[in-house]
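Okay, structure first, notes after.
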Protein chains: 2
Amino acid sequence: MATTLTETFTQPGSAGAVLAVLRDGRARTRSELATLTGLSRATVRQRIDTLLARQLVTPAGDAASTGGRPPSQFAFNPSAGLVLGADIGATHALLAVTDLAGQVLAEEQRTHDIADGPEAVLSWVVDSGRRLADSVSAEANLLGVGMGLPGPIEHSTGRPISPPIMPGWDGYDVIGHLTDGLAPVAVVDNDVNVMALGEHFTAWSDVDHLVYVKVGTGIGSGIISDGELRRGAQGAAGDLGHVAVPHAVDALCRCGNTGCLEAVAGGGAVVARLRDKGIDAHTSTDLVALSKGGSVEVVHVLREAGRDIGEVLATVVSMLNPSVIVLGGALAAAGEHLLAGVREVVYRRSLPLATQHLRIVPSAAGRHAGVIGAAVMVIERVLAPDAVDRPLVLD
Amino acid sequence: MATTLTETFTQPGSAGAVLAVLRDGRARTRSELATLTGLSRATVRQRIDTLLARQLVTPAGDAASTGGRPPSQFAFNPSAGLVLGADIGATHALLAVTDLAGQVLAEEQRTHDIADGPEAVLSWVVDSGRRLADSVSAEANLLGVGMGLPGPIEHSTGRPISPPIMPGWDGYDVIGHLTDGLAPVAVVDNDVNVMALGEHFTAWSDVDHLVYVKVGTGIGSGIISDGELRRGAQGAAGDLGHVAVPHAVDALCRCGNTGCLEAVAGGGAVVARLRDKGIDAHTSTDLVALSKGGSVEVVHVLREAGRDIGEVLATVVSMLNPSVIVLGGALAAAGEHLLAGVREVVYRRSLPLATQHLRIVPSAAGRHAGVIGAAVMVIERVLAPDAVDRPLVLD
């Protein structure tokens, strides 16, 4: 069946639909692709030619013959372009250049101060990101940049909304700055949402319901439900840090309320509690060292923080019924004690149906969760069927 | 541009795609439908003919002329079939026959006991549902049945999973029973999930993030996020009743834990607290009467229950960032006092970004939330583009 030229360009999503199937990394024949996409074989042939021309797909040898000439196979080519993932924290920033399969090819980190403001921070991202991409490939084709920022972000515009620890950033056009200087597509989100995406991509892509919890100076979470990140009405979903903890009504929080989870189990609270016990811990690095060194007081305080976090996560389990809870961030990295406290309370406190198949695990992506999530977020945008069929970026 | 016969039958979702556009109730010309669906005008013409033949679409007069012959308009015909919505509670059951736009055409209710088991309860649903449909139309074309049941349901199979108050129902093939006896399509879900769908359909279809809370003997919720009901990994999401309430650590709950929301703010707890004060209230109907009669004790206890519910909902607001929280169920119907308690705590306890645009409102669908939600759930299945293009049901 012949397709007319008009059809080729009006039929929605078809080169993108073929690419979407191939993005799982398996090589396939045209015939298999026709079956999987519902497109005709003639259309698949044409779409493959388009994708080959853009280098998004490469020939991948022949399939086993079933008698006649063995059919050619085609595979996604993740080297067709690069993206930059940027994990911008309050005091640390990590950049990574990845291929279109989210594989980290080069990275750079520095300490900084988010309060230096958007011009300074983003100029560094643009300069370093460009240099990092060039280091990977001389004719680096940087297709997009994804970024996580430590505050609430209006996802549709990428603008921070009254972020408490980011002076000068409120309403700033982050996407405009990044697309002006660095790459044609930019996507920005809250840092913990981005980490949730990175963790999901790294270790749990077959799981539809995951909650990623970051336990550092602050405490936050990213919610994946039915396979997608859920941001809520104002992009504020996942704000675990200022939930009230049962049994902890007295602790004063920087948000102005009392009894918030962050005020009893965040990095600052843990360090303060240890100082009260005469233990000299200032940073999460100190905590990790003391914990690994077997300090009973540190182990005790971390376990107690884990229990407090568990009280709130028990509610999250009842409400969202996730399959997996991942604990990331500096405090979670300080060994099994925090995790043990969380498990103890969640399994005691939630109903059996919701905990029967629940896994509570440490982060697999570790310190790369943010950059990988940021890269994956922009890859999804750049390789979305719509974007592939309107190749503003790719030609 | 001509379309070949082969294309007509291989191009996915097109008659369904045309219908999906028309389901908003507005009449449109073929030309408008071509623009809205991305299909060619010739294809739209053919799809409209198919839908006219199935009576899913009717001619709707002529549009205003722009010079030549005025173009014909077409509209969705919600009278093309009927569905049954069934809201099956522990002690009450309500059935409603609706058209394909979810409009209630006839209803029937009775008191019953869910513990009579699935055979007895579902036989009544089949008999009464058939009779109710016949009362609406002699040649009643009952396309499907949607049902809410008071326990956790595995949504994909419609089977109850270890439901605590439904002896005899564990693992029962509810869908099999309903499709054998009543209609070709059946969809089953937890009763509060179904109420959330009904409330969303009735009053908030333009809102993407809604939490419906039922406060009756038990307390439960249904979560709509990004426009869709979220059921979680085992269909157990929204289980608000057994979340721990800060300040209420001593109350013993029927689930075996202490401090559960249901144990301090459910109908049983409220009635018990009033009896301790010497007030003779046995049912939620008593409570409503006493509250409307101005009983200070009842008002006080309801407001306190509202505050307890508010403590848990503050966490839900931080986690999910909904635009709307709807309070339904018998206790919520007892006037403004419960609602006032909820509002008091949520607005005090949640972060400004999440509450700035948050509305906390009483149910608009009231006692019909469940049947409307059940009907809408099965209408979505019956009129889904895939189902319309494979008209097993509709021919």
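A, B, ... follow the sequence lines: proteins, then strands. Residue 1 opens every chain.
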Heavy-atom distances under 4.5 Å only: say whether [X] touches chain B with side chain, backbone, both or neither.
| X | answer |
| --- | --- |
| A:Ala314 | neither |
| A:Leu320 | both |
| A:Ser323 | both |

Checklist entry - Picking from B:Arg349, B:His357, B:His209, which has the most non-hydrogen pairs under 4.5 angstrom with chain A? => result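 Heavy-atom pairs under 4.5 Å are most numerous for B:Arg349.
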Checklist entry - For the candidates B:Ser162, B:Gly235, B:Ala237, which exhibits the highest count of non-hydrogen atom pairs separated by less than 4.5 Å from chain A? => result B:Ala237
Checklist entry - Rounded to the nearest 0.5 Å, how far apart are CG of A:Leu353 and CD of B:Glu154? => result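 Result: 10.0 Å between the selected atoms.
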Next on the checklist: Tell me which one of A:Val243, A:Leu261, A:Leu240 satisfies side chain to side chain contact (heavy atoms under 4.5 Å, CB included) with B:Ser318.
Outcome noted: A:Val243
Item to check | chain B contact residues among residues 223-231 of chain A, heavy-atom distance under 4.5 Å | outcome: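 Those residues of residues 223-231 of chain A which have a heavy atom under 4.5 Å from chain B are A:Ile223, A:Ser225, A:Asp226, A:Leu229, A:Arg230, A:Arg231.
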Item to check | Side chains of B:Asp239 and A:Met319 in contact at under 4.5 Å (non-hydrogen atoms) | outcome: no
Next on the checklist: Just so I know, are the side chains of B:Ser350 and A:His242 near enough to count as touching, which here means a heavy-atom distance under 4.5 Å?
Outcome noted: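 A side-chain contact is absent here, since even the closest heavy-atom pair is not under 4.5 Å.
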Next on the checklist: Between A:Thr258, A:Val324, A:Leu358, who has the most heavy-atom pairs with chain B when the cutoff is under 4.5 Å?
Outcome noted: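 The candidate making the most pairs under 4.5 Å is A:Thr258.
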Next on the checklist: Quick check on B:Arg348: does its CZ atom have over 12 non-hydrogen neighbours (other residues, nucleotides or ligands) under 6.0 Å away?
Outcome noted: yes
